[in-house]
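The structure appears below as structure tokens.
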Amino acid sequence: MPELPDVEVFRKYLQSTSLKRRVRDVRTTREELYRDHGRDDVVKALKGSRLEDTRRHGKNLFVKLSGGEWLLLHFGMSGFLKSYRKPAEEPPHQRLVMALDDGSNLAYDSQRLLGTVSVVESPEEYAKRKELGPDALSDRMSAERFAELLAGSRATVKSALMDQGRIAGLGNVYTDETLFQAGIHPRRRASELSGEELEEMYRTMTRVLRKAIDFGAEASNAPRSWLLPRREEGAECPGCGGSIERTTISGRATYFCARCQPP
DNA sequence: TTCCATGTTCCGCA
DNA sequence: TTGCGGAACATGGA
């Protein structure tokens with residue numbers, strides 16, 4: 001689930017449910033999520049802090065704490081946030097629960113535990129340390145920057161777009177969607193794309209991501225013209241009525257239409 | 001039972 | 001030396 005649009009939806013959700021609230025208590029399960037520091041450091045930083053502000057870089061969500069540090073939430077393949085008041089509303093695999101001073105709870109749920117919870121100095125420091133590229137929707141990104149970042153890659157355009165060190169935010173699903181809507185075959189080499197193709201791909205990417213945020217990054221709410229709800233081998237291509245194919249690129253399931261996206 | 005999943009990191013190879 | 005592709009990671013649903 002969590003690529004840039006999903007994480008942006010989570011950010012807005014946290015902003016509307018839990019901002020300016022103070023953390024009264026913290027419950028955690030499972031050590032696996034605390035890869036950077038120990039779990040104790042995260043709990044210590046959270047307890048008694050107010051949630052002051054939110055930021056997002058690529059797939060990373062940052063929450064500013066009143067102590068000055070930032071909570072980092074990365075959602076891996078299966079994470080999400082849930083705010084609730086009654087125990088009956090608890091999500092099924094909550095791994096970190098903050099009890100807030102208005103009686104609500106903010107839970108980080110991650111079935112597959114591939115995410116990360118940490119405390120960092122700042123979003124900028126973290127992005128630099130992890131060597132993340134510019135966020136796909138930030139104002140530091142542009143058609144020119146996008147073209148430069150991709151032209152330097154010998155990889156397939158699919159892997160280059162998913163490389164967080166080039167552009168932060170695209171994952172498997174929205175990479176396929178961007179390539180589909182731009183009419184570019186996922187196995188083409190990034191460095192072989194023309195200037196026009198790169199520009200078209202950039203425009204398509206920003207349009208896709210913004211639109212996905214608008215519909216809540218919910219596949220069932222995606223426009224019928226999108227690939228997103230048809231990620232299935234043999235599904236009907238919404239563009240030409242042909243057949244959606246499945247292949248594997250860099251170990252990831254890749255869906256595309258060979259007619260709309262010629263090699 | 002086996003395969004697969006929207007992410008990241010590590011390792012081997014060219 | 002560097003960049004790329006595949007496996008591993010942990011869990012559970014189809």
Side-chain angles (χ1 to χ4, degrees), chain A residues 1-11 28-36 39 56-61 72-81 91-96 108-118 120 126-127 129-133 135-136 149-181 186-192 205 208-209 211-213 215-222 226-235 244 246-256:
Chain A
M1 189 206 289
E3 301 181 30
L4 186 154
D6 311 270
V7 178
E8 180 61 15
V9 170
F10 299 159
R11 190 189 69 76
T28 63
T29 64
R30 310 300 298 258
E31 202 69 41
E32 291 92 330
L33 290 167
Y34 306 90
R35 296 164 212 285
D36 294 2
R39 149 166 68 176
R56 185 188 54 70
H57 186 118
K59 305 171 190 173
N60 301 283
L61 176 57
L72 160 71
L73 298 173
H74 186 282
F75 297 90
M77 297 247 280
S78 62
F80 63 93
L81 294 176
H93 312 285
Q94 53 180 17
R95 311 298 191 187
L96 169 71
Y108 168 100
D109 183 298
S110 178
Q111 181 198 88
R112 254 169 281 167
L113 298 171
L114 294 176
T116 302
V117 176
S118 181
V120 302
Y126 185 75
R129 178 155 51 93
K130 304 297 269 189
E131 301 183 318
L132 296 176
D135 180 87
L149 287 161
L150 289 185
S153 173
R154 283 180 266 151
T156 59
V157 62
K158 161 107 181 184
S159 326
L161 282 171
M162 290 199 1
D163 180 354
Q164 303 300 298
R166 293 181 193 280
I167 297 152
L170 287 176
N172 201 29
V173 166
Y174 289 101
T175 294
D176 281 2
E177 190 65 50
T178 295
L179 292 170
F180 173 72
Q181 292 194 30
R187 229 182 265 282
R188 290 182 62 195
R189 298 281 143 182
S191 56
E192 290 170 4
M205 175 189 77
V208 162
L209 295 175
K211 180 76 183 172
I213 293 166
F215 63 70
E218 189 63 46
S220 56
N221 294 335
W226 282 32
L227 175 66
L228 185 52
R230 310 186 191 220
R231 296 178 62 78
E232 196 180 349
E233 184 149 39
I244 297 297
R246 180 194 191 278
T247 185
T248 300
I249 299 177
S250 301
R252 315 304 300 185
T254 301
Y255 296 89
F256 69 104

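Treat the numbers as computed from the prediction; the structure is a model and nothing was measured. Just so it is clear: chains get the letters A, B, ... in the order the sequence lines come, proteins before strands, and each one is counted from 1.
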- Message: For a 4.5 angstrom cut-off between non-hydrogen side-chain atoms, does A:F180 reach A:W226?
- Response: no
- Whole Å only: how far is the CG atom of A:L149 from the C1' atom of C:dG3? 16 Å
- Task: Measure the shortest side-chain to side-chain distance between A:F256 and A:T247 over non-hydrogen atoms and say whether it is less than 4.5 angstrom.
- Result: yes
- Message: A:R129: which residues meet the salt bridge (charged side-chain N to carboxylate O under 4.0 Å, His left out) condition with it, sequence neighbours left out?
- Response: A:E125
- Check whether any side-chain N or O of A:H74 sits under 4.0 Å from OP1 or OP2 of B:dG7, and answer yes or no. no
- Tell me what A:L114 touches on the nucleic acid: a base, only sugar-phosphate, or nothing, going by heavy atoms under 4.0 Å. base
- Task: Taking atom P in both C:dA10 and B:dC11, compute the distance separating them and give it to the nearest angstrom.
- Result: 15 Å
- Query: Hey, does A:S78 reach any base, or is it just sugar-phosphate, or nothing, if we go heavy atoms under 4.0 Å?
  - Reply: nothing
- Please say whether more than 12 non-hydrogen atoms of neighbouring residues, nucleotides or ligands are located less than 6.0 Å from CD in A:E232. no
- With a 4.5 Å heavy-atom cut-off, do A:L114 and A:S78 have their side chains touching? no
- Hey, does A:K130 reach any base, or is it just sugar-phosphate, or nothing, if we go heavy atoms under 4.0 Å? sugar-phosphate
- Item | Atom-to-atom span, CD of A:E131 to C1' of B:dT8 - whole angstrom | 14 Å
- Message: Base, sugar-phosphate or nothing for A:R166? Non-hydrogen atoms, less than 4.0 Å.
- Response: sugar-phosphate
- Runs of at least three consecutive pairs that involve DNA chain C, where pairs are Watson-Crick or G-U with distances under 3.5 Å: B:2-5 with C:11-14, B:7-14 with C:2-9
- When rounded to whole Å, the CG to C1' distance for the pair A:L132 and B:dT9 reads 13 Å
- Query: Can you tell me how far OG1 of A:T254 sits from CZ of A:R231, rounded to the nearest 0.5 angstrom?
  - Reply: 7.5 Å
- Message: Suppose you measure atom C1' in B:dC3 against the same atom in C:dA7; what distance do you get, rounded to whole Å?
- Response: 16 Å
- Message: Please report the distance, rounded to the nearest Å, between CZ in A:R154 and P in B:dA14.
- Response: 14 Å
- Minimum side-chain heavy-atom gap A:S250-A:M162 below 4.5 Å: no
- Message: Please give me the minimum heavy-atom distance between A:L170 and A:L209, naming the atom from each residue.
- Response: CD2-CD2, 3.9 Å
- Note on the structure: The contact string for nucleotides 1-6 of chain B, one letter per nucleotide 5' to 3', using protein heavy atoms under 4.0 Å with B, S and - for base, sugar-phosphate only and none, comes out as ---SBB
- Task: Answer with base, sugar-phosphate or nothing: what part of the nucleic acid does A:S159 contact at a heavy-atom distance below 4.0 Å?
- Result: sugar-phosphate
- Query: Rounded to the nearest Å, what distance is computed from the CD atom of residue A:Q164 to the C1' atom of nucleotide C:dG3?
  - Reply: 17 Å
- Message: Rounding to an integer number of Å, can you tell me how far A:E32 CD sits from C:dA8 P?
- Response: 19 Å
- In whole angstrom, give the distance that lies between atom CZ of A:R129 and atom C1' of B:dT8. 15 Å
- Message: Can you measure A:H93 atom NE2 to C:dG12 atom C1' for me and round it to whole angstrom units?
- Response: 7 Å
- Message: C:dC4, OP1 or OP2 - any side-chain N/O from A:S153 closer than 4.0 Å?
- Response: yes
- Side-chain donor-acceptor pair under 3.5 Å between A:T175 and A:R252, yes or no? no
- Task: For residues A:G115 and A:L33, report the shortest heavy-atom separation together with the two atoms involved.
- Result: O-CD2, 3.6 Å
